[in-house]
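See structure below.
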Number of protein chains: 2
Amino acid sequence: MQLPPLVQTFVLHFGEMGSRWGINRTVGQIYALLFVAERPLNADEIVERLGVSRSNVSMGLKELQAWNLVRLQHRPGDRRDYFTTPEDIWQIVRTLVEERKKREVDPTLTLLRELLMQEAGTEEERHAQARLREMHDLFELFAGWYADVRRLDTERLVQLLTLGSKVQKVLEMKDRLTRLPGRIGGRSAKLD
Amino acid sequence: MQLPPLVQTFVLHFGEMGSRWGINRTVGQIYALLFVAERPLNADEIVERLGVSRSNVSMGLKELQAWNLVRLQHRPGDRRDYFTTPEDIWQIVRTLVEERKKREVDPTLTLLRELLMQEAGTEEERHAQARLREMHDLFELFAGWYADVRRLDTERLVQLLTLGSKVQKVLEMKDRLTRLPGRIGGRSAKLD
DNA sequence: TAGCAATTTCAGAAATGGCTGAAAAGTCGG
DNA sequence: CCGACTTTTCAGCCATTTCTGAAATTGCTA
C-alpha cells in the first residue's frame with residue numbers, strides 16, 4: 001500500500017468499519033481513498049495505492065456504482081474511467097441513507113405487513129403478531145420522518161440538527177404563539 | 001427449526017438482515033425469537049426452536065448480553081437462565097443506537113481527531129485533511145444531535161418524529177418571529 | 001475489421017467467519 | 001465436597017466470502 005501515512009491510517013480504518021457493516025474491506029478502502037483524493041482516480045491508480053488486484057478493484061468499483069456512491073468521469077484523449085465521490089458530503093449522506101433504506105428498511109416493512117395480514121391460529125402467534133405490529137409501527141414512524149426530512153435543503157437540515165432537542169422549545173413557543181389572537185408579521189401564525 | 005410458520009419467516013428474515021449488519025445469522029435469529037416470544041426462554045428452548053447447537057446458542061446469548069440487548073431472568077427452583085428482550089420497543093431502539101454509537105461512531109471520531117492533529121507535509125495530505133475535517137464535523141453534528149435527542153422521553157421523541165416536514169414550517173415561523181422586536185407572551189421570543 | 005487499451009468475468013485459491021461436539025468450568029443442594 | 005445440572009470454552013471442521021490471475025469481452029481508432 002503506497003500512501004501517505006495519514007491517508008493510509010484513514011483508509012485502513014474505513015476498511016475495517018466497512019466490514020462491520022455489510023461492506024467488504026476492499027470496497028471500504030476504495031471509497032475512503034476516493035473520498036480524500038484531490039482528483040479523480042482510475043482503476044490502475046487505485047490498484048497501486050491499495051496494493052490489491054486489478055480485478056478486485058474492478059468488482060469494488062462496480063459495487064460502489066451500484067450503490068450510487070461514486071461518479072464516473074472521463075478525460076479528453078484518455079479512455080480510462082476516472083472515479084470520484086461527490087464533492088458535497090451531504091450528498092454522500094443522502095445517498096447512503098437512501099440506499100440503505102431501499103435495501104434494508106423497505107423489504108423489512110413489506111415482510112412485516114405480509115406477516116400482519118396472516119391469520120394467527122395459536123395464542124403464541126397472536127402474541128408474535130402484536131410484537132411485529134409494534135416493530136412495524138416503529139419502522140413506519142421512522143420511514144415517515146425520513147421521507148419528510150430528506151426533502152429539506154441542507155441548510156435547513158443542519159439548522160434542525162444543530163437545534164437538537166431545542167426544537168421542543170420552538171414547538172412550545174409555537175403552541176403559545178398560535179394561541180394568540182389576531183395576526184403576526186402580516187401572515188397567519190397558523191401552520192397551514 | 002420447530003416454529004409456527006409466521007414466526008419462522010420473521011426469524012429467518014431477521015437472521016438475514018443481521019448478516020447485512022455485522023451481526024451473525026444465529027445471533028439475529030436468537031434475537032428475533034426472543035423478541036416475539038410471549039415468555040422468557042432458556043438456552044435449550046432456543047436450541048430446539050432454532051435447530052442449532054447448544055454451544056452456538058451460548059455464544060450468541062453472550063454476544064447479545066455484551067450488546068445489552070437481552071435481559072436475564074431466573075425462576076424459583078430452576079437454575080437455568082431465561083432470556084427476554086425489553087418489553088418496551090423504544091428501550092430496544094435506544095440501546096441499539098447507543099451501542100452502535102459507542103462501537104462505531106466514537107472510535108471513528110477519535111481517529112479523525114488524531115489525524116487532524118497531524119502535520120500535513122504534502123499538498124495531497126493537506127487536501128485529505130480538509131476532507132477529513134468535513135467528515136469530522138459531520139459526525140460531530142450527528143453526535144451532538146443524538147446526545148440531545150436521546151434525553152427526550154419517548155412521548156416527546158415520538159412527537160418530534162411525527163411532526164416530520166412540519167418542522168420546516170415551524171423553523172420558518174421561528175425565523176420570522178424571533179426577528180420581531182420586543183417581547184411576546186411575557187417571555188423573550190429568543191430560544192434561551 | 002485488425003489491433004490495442006481498458007474493463008469485466010469467472011473458476012479456483014486463500015482467508016475469514018461460523019458452527020459443532022467434547023471437554024472444562026462453574027454452581028447449587030444435600 | 002459429591003453429584004447433578006448448567007453454562008462456557010475451544011480446537012477443528014465446514015461454509016461463505018473475498019481475492020486473484022487468466023481469459024473473455026467491450027469499445028475505440030486507424
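Labels below follow one simple rule: chain letters A, B, ... track the order of the sequence lines, proteins then strands, and each chain is numbered from 1.
A residue-by-residue look at Asp81(A) and Arg54(B) shows that Asp81(A) has its nearest nucleotide of DNA chain C further toward the 5' end. Ranked by how close their nearest DNA chain D nucleotide is to the 5' end, Met59(A) and Arg79(B) are led by Arg79(B). Along DNA chain C, the nucleotide nearest to Ser55(B) and the one nearest to Leu61(A) differ in position, and the one closer to the 5' end is contacted by Leu61(A).
Across all strands, Asp44(A) comes closer than 4.0 Å to no nucleic acid atom at all (heavy-atom distances). Contacts of Asn24(B) with the nucleic acid, taken as non-hydrogen atoms under 4.0 Å apart, involve only primed sugar atoms and P, OP1 or OP2. Across all strands, Asn42(A) comes closer than 4.0 Å to no nucleic acid atom at all (heavy-atom distances).
Transitive grouping of hydrophobic side chains (ILVMFWY, heavy atoms separated by less than 4.5 Å) keeps Val97(B) and Met17(B) in distinct clusters.
Of all non-hydrogen atoms in Ala43(A) and Val57(A), the two that sit nearest each other are O-CG1, 3.9 Å. Across Asp148(A) and Leu163(B), no two heavy atoms sit closer than the pair OD2-O, 4.4 Å. Smallest separation of non-hydrogen atoms from Leu116(B) and Gln129(B): CD2-O, 3.4 Å.
Taking the side chain as every heavy atom from C-beta outward, Leu3(B) and Leu33(B) approach each other to under 4.5 Å.
The aromatic rings of Trp21(B) and Trp21(A) lie parallel to each other, with less than 30° between the two planes, well short of the 60° mark.
Going from atom CG of Leu69(B) over to atom OG1 of Thr85(B) covers 9.5 Å, rounded to the nearest 0.5 Å.
Close placement of the Phe14(A) and Phe10(A) rings is indicated, their centers lying within 6.0 Å of each other.
Put simply, chain A comes within 4.0 Å of DNA chain D, heavy atom to any atom, from dT18(D) to dC28(D), going 5' to 3'. In 5' to 3' order, the nucleotides of DNA chain C bounding all contacts with chain B (an atom under 4.0 Å from a heavy atom) are dG18(C) to dC28(C).
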